[in-house]
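Read the structure below first, then the notes.
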Amino acid sequence: MLFNSIEFAIFLPIVFLLYWFVFQKNISKQNLLILLVSYVFYAWWDWRFLFLLAFSTFLDYFSGLKIEQAKSQAQSKFWLILSIGINLGFLGFFKYYNFFVTELTHAIANMGIVINPWTLKVILPVGISFYTFHGLSYIIDVYKKRIIAEKNFVDYAVFVSYFPLLVAGPIERATHLLPQFKKARTFSYEQATDGLRQILWGLFKKVVIADNCATYANQIFNASGEHNGSSLFLGALFFTFQIYGDFSGYSDIALGASRLFGIELLRNFAFPYFSRDIAEFWRRWHISLSTWFRDYLYFPLGGSQGGTWMKVRNTFIIFLVSGFWHGANWTFIAWGFLNALYFIPLLLLDKNRNHLHVIPTHQFLPSIKEFFQILFTFFLTVIAWIFFRSDTITQAFAILREIFSKSLLQKPNFLGKQDMIYFIIHCSMIAILILVEWMHRDKQFGLQFNKGTMNSTVKRWSIYAVITVFILLFGGKQNNFIYFQF
């Protein structure tokens, strides 16, 4: 079920009414309701993979109990390794089996040996990377004694399958989310209205920004050999805003929808395109995944505590694994490698934590230095996104060669005269996105207001009405969320 669908627009109010008006006084029944509707939400895509979600949930629930009950470190470690091994085994099979078989076949063929590989038409279960990481963090935290094993199966199952975050995150932690399912929730009008504003802003980013950018990005990348440098650079820019509008829009809708039920999820985006260096960008982009890899991979590897070699090694491992997490293609690994290259100079010069706070909000415009820092960091991310979006590394380098050629100065060749008005309107929508988020860069999302600054009902509803009109008039063709494939 898509967040930007009629089905979800019907589904969400029904669940909301049942949750608060039928089961308000019973936490257990509220949790059971959320579990059942989460499985309905997931089954809407493909009911056949419900067994995989249920099996993963039961495996980690049972393993957590066994780890806690273990009478020796060896027994505890056995259940940890078993759970991690099975979870990663399922993830590897569904996500990477054909990739590894194909690459192995090519490697053998280069040695002059021809084989007929056994590949499968494997359908990637939506959300498997996300709910697998939920379970892994829980198991590791139980093993490390950061949290006690959950005894209530329904509460644990809700943590894994909670529908706002089930298919594309954010990647939650048991230490943060599970306690919220254990205590009574009381309806908060302020929290609910804040959630509705975040849903509205997320829909704007997805429907108006991402889906329209996708039209141009797909047109240009799918026929990259036919376009000049200026068109290809615009294509890269459109994809840059497409993936941000798509993924951060999903996260906004997820966080907003969860607030309707009195549950706070981890923030996943913090206006990353206003970053002043690449380290700040990665503290602001897909925060839940970045911190997951930091806590469960980077720190166990030694983090930045060792010598220069260990720092460099661990940084490359994190970025390469992050790239491979996104998909079974060398382009994602190249994207991770390039971001590691961006990051290493900051790490070696001990400047990777220079910008821990937002640009001061007492002045509207950034300083000249900050402006060029933001512009340069944004340019680096655009170049990296070319690898992420390209079908092959060869295509990515071909696009870069054309962008850094004389044809960059030519008139873009992908627009017809009849498309110019629509193009100008869409660029105006991107400008509105940038302006609104810049003005609210110290907030949690674009439409969040300080208490007392929007006391006028007319002003508030005028803004909501304008955003709604933009969605209805300028919404692009409905597309799946990009991160459904991850």
Side-chain angles (χ1 to χ4, degrees), residues 106 209-246 272-278 281-282 285 316 319-320 323 326-327 329-346 368-369 371-431 433-434 476 482:
H106 290 163
I209 302 300
D211 287 350
N212 283 302
C213 281
T215 300
Y216 292 118
N218 292 341
Q219 176 186 343
I220 294 169
F221 274 89
N222 291 345
S224 58
E226 302 173 7
H227 297 294
N228 57 21
S230 58
S231 295
L232 292 171
F233 186 67
L234 283 174
L237 285 174
F238 282 126
F239 180 71
T240 297
F241 284 104
Q242 177 196 351
I243 194 168
Y244 173 68
D246 193 283
Y273 290 156
F274 300 146
S275 302
R276 287 153 289 183
D277 59 43
I278 208 68
F281 172 83
W282 279 106
W285 178 274
F316 272 103
F319 279 105
L320 291 175
H326 282 84
N329 195 319
W330 289 110
T331 55
F332 296 119
I333 297 175
W335 170 75
F337 181 81
L338 183 57
N339 274 285
L341 290 180
Y342 291 163
F343 191 91
I344 289 298
L346 295 172
I368 295 177
K369 178 182 178 181
F371 173 77
F372 281 105
Q373 287 176 327
I374 292 172
L375 197 64
F376 181 64
T377 304
F378 181 74
F379 173 75
L380 292 179
T381 61
V382 171
I383 298 302
W385 285 132
I386 291 174
F387 286 90
F388 193 97
R389 175 58 181 82
S390 297
D391 295 325
T392 64
I393 293 180
T394 301
Q395 182 192 22
F397 277 115
I399 290 172
L400 287 173
R401 279 196 300 271
E402 195 64 30
I403 287 176
F404 290 103
S405 72
K406 294 180 180 179
S407 68
L408 179 64
L409 304 177
Q410 297 174 1
K411 179 182 177 181
N413 61 358
F414 71 95
L415 280 174
K417 292 182 179 179
Q418 67 277 12
D419 300 322
M420 189 56 66
I421 294 178
Y422 181 75
F423 177 78
I424 292 173
I425 290 174
H426 183 53
C427 289
S428 300
M429 293 297 106
I430 295 176
L433 169 74
I434 295 171
I482 291 176

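To the nearest 0.5 Å, atoms CG (Leu380) and CG (Leu375) are separated by 10.0 Å. Atoms CZ and NE2, on Phe388 and His326 in that order, are 4.5 Å from each other to the nearest 0.5 Å.
With sequence neighbours excluded, the residues forming a salt bridge (Lys or Arg N to Asp or Glu O under 4.0 Å) with Asp211 are Lys206, listed by chain and number. By the side-chain contact (heavy atoms from CB on, under 4.5 Å) test, Asn329 pairs with Thr331, Phe332, sequence neighbours left out. Remark: Tyr342 pairs with no residue by the ring pair (Phe, Tyr, Trp, His ring centres under 6.0 Å) rule, at least two apart or across chains. Here Thr392 pairs with Thr394, Gln395 under the side-chain contact (heavy atoms from CB on, under 4.5 Å) rule; sequence neighbours left out. In this structure Phe376 satisfies the ring pair (Phe, Tyr, Trp, His ring centres under 6.0 Å) test with no other residue, sequence neighbours excluded. Residues passing the side-chain contact (heavy atoms from CB on, under 4.5 Å) test with Lys411: none are found, sequence neighbours excluded. By the side-chain contact (heavy atoms from CB on, under 4.5 Å) test, Leu320 pairs with Ile333, Phe337, sequence neighbours left out. By the side-chain hydrogen bond (donor to acceptor under 3.5 Å, both in side chains) test, Asp391 pairs with no residue at all, sequence neighbours left out.
Applying the side-chain hydrogen bond (donor to acceptor under 3.5 Å, both in side chains) rule to pairs touching residues 377-386 yields Tyr273-Trp385, sequence neighbours excluded. For residues 224-243, there are no salt bridge (Lys or Arg N to Asp or Glu O under 4.0 Å) pairs, not counting sequence neighbours.
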Solution key, residues 232-244 side-chain donor-acceptor pairs under 3.5 Å, sequence neighbours excluded:
residue : atom : partner : partner atom : Å
Thr240  : OG1  : Ala236  : O            : 2.8
Tyr244  : OH   : Glu437  : OE1          : 2.5
Tyr244  : OH   : Glu437  : OE2          : 3.3

Give the table of side-chain donor-acceptor pairs shorter than 3.5 Å for residues 401-409, with sequence neighbours excluded, one pair per line with atom names and distance.
residue : atom : partner : partner atom : Å
Glu402  : OE2  : Ser407  : OG           : 2.7
Ser405  : OG   : Glu402  : O            : 2.5
Ser405  : OG   : Ser407  : N            : 3.4
Ser405  : OG   : Ser407  : OG           : 3.0
Ser407  : OG   : Gly229  : N            : 2.8
Ser407  : OG   : Glu402  : O            : 3.3

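Counting heavy atoms from C-beta on, the side chains of Ile209 and Met429 come closer than 4.5 Å.
Taking the centre of each ring, Phe274 and Phe378 stay at or above the 6.0 Å mark.
Here the closest non-hydrogen pair linking Leu341 and Phe316 is CD2-CZ, 3.7 Å.
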